[in-house]
Amino acid sequence: MTNNDIFKKLRVAHKLRDTDIIKILALVDFRVTKSELSAFFRREDHPNYVECGDQILRNFLNGLIIHLRGPMPKKGEQPKGKPSAKAKPKKFDNKKNFIKPKPKKD
């Protein structure tokens, strides 16, 4: 499977348009034009077909992570919407959730 195939499958799976992919690549400071991008999605026998390199696919994947998860928090900063590391989890009470088995009648 080539990088072009992987790129196509990710595009379809995430329902991305060309403008979305350009914005995702811009998140990692990688600029690409719409015509360059369309060359990756052409058939291999097309005269304008261009092979997708490792650098482009790697930058797209890094941008996709940022697009889906959001940017990484800086050191010392707590991520938004997640509990802090100091918060203690609730204690599980096994007695409340335990169902006693019924004794067998012989």
Side-chain angles (χ1 to χ4, degrees):
M1 185 177 272
T2 66
N3 287 346
N4 293 62
D5 295 333
I6 295 168
F7 206 177
K8 287 177 191 176
K9 289 183 183 294
L10 286 170
R11 178 185 187 198
V12 171
H14 289 282
K15 300 176 186 170
L16 298 171
R17 298 174 188 248
D18 288 343
T19 55
D20 298 329
I21 294 172
I22 291 170
K23 289 177 186 175
I24 288 170
L25 287 168
L27 291 173
V28 289
D29 296 327
F30 193 85
R31 306 286 182 246
V32 66
T33 63
K34 207 169 188 176
S35 59
E36 291 172 329
L37 191 62
S38 67
F40 298 133
F41 302 120
R42 296 187 185 276
R43 288 182 295 148
E44 288 184 32
D45 58 347
H46 194 278
N48 293 338
Y49 171 81
V50 175
E51 191 173 316
C52 180
D54 292 339
Q55 182 183 13
I56 295 168
L57 186 61
R58 181 179 59 244
N59 282 305
F60 173 71
L61 292 172
N62 288 334
L64 188 63
I65 290 168
I66 294 170
H67 175 73
L68 296 174
R69 290 189 197 165
M72 281 188 66
K74 295 183 178 159
K75 286 190 175 182
E77 222 178 84
Q78 290 295 323
K80 294 179 182 176
K82 293 186 179 179
S84 67
K86 294 179 182 177
K88 293 182 180 178
K90 292 182 179 179
K91 190 173 181 180
F92 181 73
D93 188 7
N94 198 20
K95 292 177 184 174
K96 287 183 181 178
N97 299 316
F98 182 71
I99 301 172
K100 285 187 174 182
K102 294 181 182 179
K104 290 183 181 179
K105 295 180 182 179
D106 288 325

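- As a member of the Ile/Leu/Val/Met/Phe/Trp/Tyr network built from side-chain separations under 4.5 Å, I65 groups with nothing else and remains a singleton.
- Grouping Ile, Leu, Val, Met, Phe, Trp and Tyr by side-chain contacts under 4.5 Å, direct or through others, puts I22 with M1, I6, F7, L10, L16, I21, I24, L25, L27, V28, F30, V32, L37, F40, F41, V50, I56, L57, F60, L61, L64, I66, L68.
- With sequence neighbours excluded, the residues satisfying salt bridge (charged side-chain N to carboxylate O under 4.0 Å, His left out) with R43 are D45.
- Applying the salt bridge (charged side-chain N to carboxylate O under 4.0 Å, His left out) rule to D20 yields no partners; only residues at least two apart in sequence or on another chain are considered.
- K8 NZ: more than 12 foreign heavy atoms inside a 6.0 Å radius.
- Listed by first then second residue, pairs satisfying side chain to side chain donor-acceptor pair (under 3.5 Å) with a partner in residues 22-36 read T33-S35, T33-E36, not counting sequence neighbours.
- Between N4 and R42, the closest side-chain pair of non-hydrogen atoms is not below 4.5 Å.
- Among residues at least two apart or in separate chains, there is no side chain to side chain donor-acceptor pair (under 3.5 Å) pair with a member in residues 56-73.
- Listed by chain and residue number, nothing satisfies the side chain to side chain donor-acceptor pair (under 3.5 Å) test with S38 (two or more places apart in sequence, or in another chain).
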